[in-house]
Amino acid sequence: MGWRIAPPRVTLGAAFAVLKYIALPLFGALALLDVIFYLYFQHVLGRCYGVLCLLS
């Protein structure tokens, strides 16, 4: 009939869902991995880890 439908667009709900289900779990897993590496280097190897080596 010649009608044009508006193209799909990112909504606030979609951005919130991406943040909730992808970004936050990824950042949480990376933070947990960083804490594990920090504790491993600090207590098992007895060395500094990451930025702490530069600051001390």
Side-chain angles (χ1 to χ4, degrees):
M1 298 191 40
W3 291 45
R4 299 201 65 165
I5 300 172
R9 58 180 184 218
V10 178
T11 62
L12 186 60
F16 180 70
V18 167
L19 182 69
K20 182 178 176 183
Y21 293 112
I22 296 174
L24 289 178
L26 180 66
F27 289 150
L30 290 174
L32 181 64
L33 191 62
D34 190 43
V35 167
I36 290 170
F37 276 134
Y38 171 74
L39 292 174
Y40 177 74
F41 271 77
Q42 194 73 17
H43 297 290
V44 176
L45 298 178
R47 299 176 60 183
C48 58
Y49 173 71
V51 178
L52 296 176
C53 293
L54 298 173
L55 297 176
S56 61

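Annotation for L30: hydrophobic cluster partners, listed by chain and number, are L26 (ILVMFWY side-chain heavy atoms under 4.5 Å, direct or chained). Taking a 4.5 Å side-chain heavy-atom cut-off between Ile, Leu, Val, Met, Phe, Trp and Tyr, the cluster of L32 extends to I36.
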Tabulate below the donor-acceptor pairs under 3.5 Å that side-chain atoms of residues 8-24 make, not counting sequence neighbours, or state none.
{"unit_1": "T11", "atom_1": "OG1", "unit_2": "A14", "atom_2": "N", "d": "3.3"}

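The CG atom of L39 lies 11.5 Å from the CZ atom of F37; values are rounded to the nearest 0.5 Å.
Contacts of F27 classified as ring pair (Phe, Tyr, Trp, His ring centres under 6.0 Å), with partners at least two apart in sequence or in another chain: none.
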